[in-house]
Amino acid sequence: FLVHPAEASPAAPIFVAGAEALPALYRIDRETFGLQKSDRIAPNRAHPIRDRVVQLSRILGVLDPDVYVGGNVPTGVAAISGNPPAIVVAGAPGDDLTARQRFQLGRAVFHLRRGTLALLLRDDETLAALLRAAALIGKPDGMPRAEAARFDEIGRVLARTLSRKATKLLKDAAPDFFAQPTDESALVRGLRHTANRAGLILCGDSREALGVCLAALSGRDLRRVAPNAVVTAIRGNEEARELLRFSVSEEYLAIRREIG
């Protein structure tokens, strides 16, 4: 139910194989968000935000993450991979997460599980270039040198970082990838749509979720925005349109009933 149809792409196995290199390419750690050790909430300390984050993360399959409250997170909520993984809630939250924070938490936790946290920090064009570079590692023969040269820098990092298993997966998946025209950006957008669905599952408030996706109305209460302005913004935003469709689907309603 949760996975967006755009993920059914010849580029998907390429992304899965190349994802293990993302931490080396795009570092995400405590320093990224300006965190201090004192921002970590100890597991044995009663804290409503930590308890809520742990509860909601478990719904999406992430158990007992470290929780930090503080730092500088533009989106309000972020995740850091590791053992254990960590969730960061910025600012000075009250006794519970807001609906928008739950939406951001759902997106971050879902990317954490998939190893795709870079999608929260990089644009579609950059990630599409990563996909193409990974594919070229799997099947460099027969590709024009000009094509390969565009991705030399990323390719060198991938070659140093990827395990033998991942490199073999790339070689197995590359023939299908190059056998037909493939829109790498479409897969990246599909991954974002799936993460938005996960965010809505935890959020339970489509209006607040749409408010996050609609950059043109960022930070504004949609209840105070003229309806025609909201409609215009949704029409011009693919993420918002896809999320709105999912919010009225039987699949979404079934999941919400299940988690209560």
Side-chain angles (χ1 to χ4, degrees), residues 1-9 11-30 32-33 35 40 43 49-68 73 75-90 97 100-122 124 127 130-131 134 161-163 165-166 169 173 187-204 209 212-213 239 242-243 246 251-252 254-256 258-260:
F1 296 162
L2 204 57
V3 176
H4 190 273
E7 290 198 38
S9 162
I14 301 291
F15 193 89
V16 170
E20 69 176 42
L22 288 175
L25 283 163
Y26 310 116
R27 181 180 173 185
I28 302 174
D29 56 19
R30 292 192 310 183
T32 305
F33 305 113
L35 293 171
R40 178 178 177 268
I49 294 297
R50 186 187 191 283
D51 294 345
R52 186 66 161 147
V53 167
V54 170
Q55 175 203 13
L56 293 173
S57 297
R58 186 176 292 117
I59 292 173
L60 296 179
V62 172
L63 306 179
D64 299 322
D66 276 347
V67 178
Y68 291 79
V73 184
T75 58
V77 179
I80 302 171
S81 60
N83 187 20
I87 304 297
V88 185
V89 181
L97 299 175
R100 290 197 180 199
Q101 287 175 321
R102 294 196 303 273
F103 179 73
Q104 298 285 16
L105 174 66
R107 295 205 300 189
V109 168
F110 196 76
H111 283 307
L112 179 65
R113 282 202 63 188
R114 286 191 150 188
T116 55
L117 286 171
L119 268 74
L120 293 173
L121 301 177
R122 293 295 183 273
D124 291 0
L127 294 164
L130 170 65
L131 272 169
T161 306
L162 292 175
S163 64
K165 179 180 178 181
L169 288 173
L187 172 62
V188 173
R189 293 195 301 273
L191 291 164
R192 293 192 194 281
H193 295 329
T194 299
N196 287 340
R197 291 178 172 193
L200 183 59
I201 293 299
L202 296 192
C203 172
V212 175
C213 293
E239 284 193 48
E242 289 297 319
L243 188 60
F246 180 65
E251 290 83 359
Y252 167 69
I255 295 172
R256 285 294 304 175
E258 184 176 343
I259 66 175

K.L.:
Any donor and acceptor pair, going by atom type alone, linking the side chain of Arg256 with main-chain N or O of Ile201 inside 3.5 Å?
P.N.:
yes
K.L.:
Set out, in order, the CA-CA distance, both residues' side-chain angles and the distance that settles side chain to side chain contact (heavy atoms under 4.5 Å, CB included) for Val77 and Val73, then state yes or no.
P.N.:
CA-CA 6 Å; Val77 179; Val73 184; 5.7 Å; no
K.L.:
Got a salt bridge between Arg40 and Asp66, using NZ or NE/NH1/NH2 to carboxylate O under 4.0 Å?
P.N.:
yes
K.L.:
Shortest non-hydrogen contact from Cys213 to Leu243?
P.N.:
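Shortest heavy-atom contact: SG-CD2, 3.9 Å.
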K.L.:
Assess whether atom CZ of Arg113 is packed by more than 12 heavy atoms of other residues, nucleotides or ligands within 6.0 Å.
P.N.:
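Not buried by this count: 12 neighbours or fewer within 6.0 Å.
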K.L.:
Ignoring hydrogens, what is the shortest heavy-atom contact between Phe33 and Ala79? Give both atom names and the distance.
P.N.:
CE1-O, 4.3 Å
K.L.:
Measuring only between side-chain heavy atoms, which start at C-beta, is Ile80 closer than 4.5 Å to Tyr68?
P.N.:
no
K.L.:
Just do the side chain to side chain contact (heavy atoms under 4.5 Å, CB included) check on Val16 and Leu169 with the steps written out, would you?
P.N.:
CA-CA 9 Å; Val16 170; Leu169 288 173; 5.6 Å; no
K.L.:
Which is it for Leu2 and Phe246 under the side chain to side chain contact (heavy atoms under 4.5 Å, CB included) test, yes or no, and what are the steps along the way?
P.N.:
CA-CA 9 Å; Leu2 204 57; Phe246 180 65; 4.2 Å; yes
K.L.:
Which pair of non-hydrogen atoms, one from Gly106 and one from Ala198, has the smallest distance, and what is that distance?
P.N.:
O-CB, 3.8 Å
K.L.:
Would you please test Tyr26 and Thr32 for side chain to side chain contact (heavy atoms under 4.5 Å, CB included) and show each step?
P.N.:
CA-CA 10 Å; Tyr26 310 116; Thr32 305; over 6 Å; no
K.L.:
For Glu7, is there an ion pair with Arg114 - N to carboxylate O distance below 4.0 angstrom?
P.N.:
yes
K.L.:
Say whether His111 and Thr116, considering side chains only, have a donor N or O and an acceptor N or O under 3.5 Å apart.
P.N.:
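Per modelled atom types, His111 and Thr116 side chains form a pair under 3.5 Å.
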K.L.:
Can you name the nearest heavy-atom pair linking Ala78 to Ala108, along with the distance?
P.N.:
C-CB, 4.1 Å
K.L.:
Can you check whether Val54's main-chain N or O pairs, donor with acceptor, with Ser57's side chain at less than 3.5 Å?
P.N.:
no
K.L.:
Rounded to the nearest 0.5 Å, how far apart are CG of Leu56 and CG of Asp51?
P.N.:
11.0 Å
K.L.:
Between the side chains of Glu239 and Asn196, is a donor N or O closer than 3.5 angstrom to an acceptor N or O?
P.N.:
yes
K.L.:
Over all heavy atoms of both residues, which pair between Ala134 and Ile14 is shortest? Give the atoms and the distance, please.
P.N.:
CB-CG2, 3.8 Å
K.L.:
Is the number of heavy atoms from other residues, nucleotides or ligands within 6.0 Å of CD (Glu258) greater than 12?
P.N.:
no
K.L.:
What closest approach, in Å, do Pro85 and Leu112 show between heavy atoms, and which atom pair accounts for it?
P.N.:
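Scanning both residues, the minimum pair turns out to be CB-CD2, 3.6 Å.
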K.L.:
For the pair Thr161 (side chain) and Ala21 (backbone), establish whether a donor and an acceptor sit closer than 3.5 Å, ignoring hydrogens and angles.
P.N.:
no
K.L.:
Looking at side-chain heavy atoms only, is the closest gap between Leu120 and Thr75 below 4.5 Å?
P.N.:
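Result no, sub-4.5 Å side-chain heavy-atom pair not found.
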K.L.:
Scan Arg197, Arg192, His4, Arg189 and name whichever one has a side-chain hydrogen bond (donor to acceptor under 3.5 Å, both in side chains) with Glu242.
P.N.:
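Between Glu242 and the candidates, side-chain hydrogen bond (donor to acceptor under 3.5 Å, both in side chains) is satisfied uniquely by His4.
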